[in-house]
K.L.:
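The following block contains the structure, expressed as C-alpha cells.
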Amino acid sequence: MPRPLLQRIHRFVEFINSGDETIGQEVVSESAVFHVPFSDTPLKGLPGYMQILGMMRSAYPDIQWTLDDTVIEDDKVVVQFTLRGTHEGEFFGVPASGKKIQARAINIYRFTDGMIVEETGLPDLFGIMLQIGAINSPSAH
C-alpha cells in the first residue's frame, strides 16, 4: 500500500505547484475536507483546495512546495514540505514586501481509493509572517 500512496502524493505536489485543476481532479476527492489554520470551518472538495491555492498564489505568485519527507501508515500520509516564494501580493492584510520566503509545512493527508479525502494543513505561518515583516523579530543577542 505505501508505494501507491507515495505516487499519489507526488502527483498532488505536481498539482499544487502547477495549480492545474485537471491534475487536482485526479487526486482530490469531491468530498474532501481541508482543515486550514485561517478558518474554523473546513474547506470542501477541489473548489476548496483551489481557494487555498488561489490565496497563496495571489500573495506568492511563484510559490513552490518541495516534498522533504513522508511517513505513510495505513491510509494516512504525513508530509513535510518546504515552501518558497516571493511576497508580491497582500497576505493576511500585509501588503506585498517583495521579500523571499522559505518556510516549512507539515500536512496530514487521509486517502480513500487513492484520493485525498482529508488534509490537515499546518504551515509555519508565524515564520512566514516574521519573514515578510508582519511581526517584529526579537533581536538576537
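Keep in mind that the numbers below use all heavy atoms, side chains included, and drop hydrogens, waters and symmetry copies.
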K.L.:
For Pro123 and Pro37, work out which heavy atoms get closest and say how close.
P.N.:
CD-CG, 3.8 Å

K.L.:
What heavy-atom pair brings Val28 and Gly45 nearest, and what distance separates the two atoms?
P.N.:
CG1-C, 4.1 Å

K.L.:
Inspect the contact between Arg11 and Glu14 and indicate whether a charged nitrogen and a carboxylate oxygen are less than 4.0 angstrom apart.
P.N.:
yes

K.L.:
Side chains of Ser29 and Ser31: do they bring a donor and an acceptor to under 3.5 Å?
P.N.:
yes

K.L.:
Does one hydrophobic cluster hold both Phe81 and Phe38, with members joined at side-chain heavy-atom distances below 4.5 Å?
P.N.:
yes

K.L.:
Once rounded to the nearest 0.5 Å, what's the spacing between atom CG of Leu5 and atom CD1 of Ile116?
P.N.:
9.5 Å

K.L.:
Can I get a per-line list of side-chain donor-acceptor pairs under 3.5 Å for residues 126-133, giving both atom names and the distance, sequence neighbours left out?
P.N.:
residue : atom : partner : partner atom : Å
Gln131  : OE1  : Gln102  : N            : 2.8
Gln131  : NE2  : Gln102  : O            : 2.7
Gln131  : NE2  : Gly127  : O            : 3.3

K.L.:
Test of understanding: clusters of I, L, V, M, F, W, Y form through side-chain heavy atoms closer than 4.5 Å, transitively. Do Val117 and Ile72 belong to the same one?
P.N.:
no

K.L.:
Is the backbone of Glu88 close enough, under 3.5 Å, to the side chain of Thr86 for a donor and an acceptor to pair up by distance?
P.N.:
no

K.L.:
Do Tyr109 and Asn107 meet the criterion of a side-chain donor-acceptor pair at a distance under 3.5 Å?
P.N.:
yes

K.L.:
Would you say Val79 and Val13 are hydrophobically clustered, going by side-chain heavy atoms of ILVMFWY under 4.5 Å?
P.N.:
yes

K.L.:
Shared ILVMFWY cluster between Tyr49 and Leu67, side chains joined below 4.5 angstrom?
P.N.:
yes

K.L.:
Without swapping roles, check the side chain of Ser58 against the backbone of Met55 for a donor-acceptor pair under 3.5 Å.
P.N.:
yes

K.L.:
What do you reckon, is CD of Glu30 surrounded by more than 12 foreign heavy atoms closer than 6.0 Å?
P.N.:
no

K.L.:
Mind listing the closest non-hydrogen atom pair of Val94 and His87 along with its distance?
P.N.:
O-NE2, 3.4 Å

K.L.:
Hey, is the main chain of Glu118 close enough, under 3.5 Å, to the side chain of Arg110 for a donor-acceptor pair?
P.N.:
no

K.L.:
Exactly one of Asp69, Asp124, Asp68 should register a salt bridge (charged side-chain N to carboxylate O under 4.0 Å, His left out) with Arg104. Which one does?
P.N.:
Asp68

K.L.:
What's the shortest heavy-atom distance between Gly89 and Ala96, and which atoms?
P.N.:
N-CB, 3.5 Å

K.L.:
Looking at Ile16, Ile63, Ile52, Asp62, which hits side-chain contact (heavy atoms from CB on, under 4.5 Å) with Arg57?
P.N.:
Ile63

K.L.:
Can the ring centroids of Phe12 and Phe111 be said to lie less than 6.0 angstrom from one another?
P.N.:
no

K.L.:
Looking only at heavy atoms, what is the nearest atom pair of Ser18 and Ile23, with distance?
P.N.:
OG-CD1, 4.0 Å

K.L.:
Does any N or O in the side chain of Asp20 come within less than 3.5 Å of the main-chain N or O of Thr22, such that one atom is a donor and the other an acceptor?
P.N.:
yes

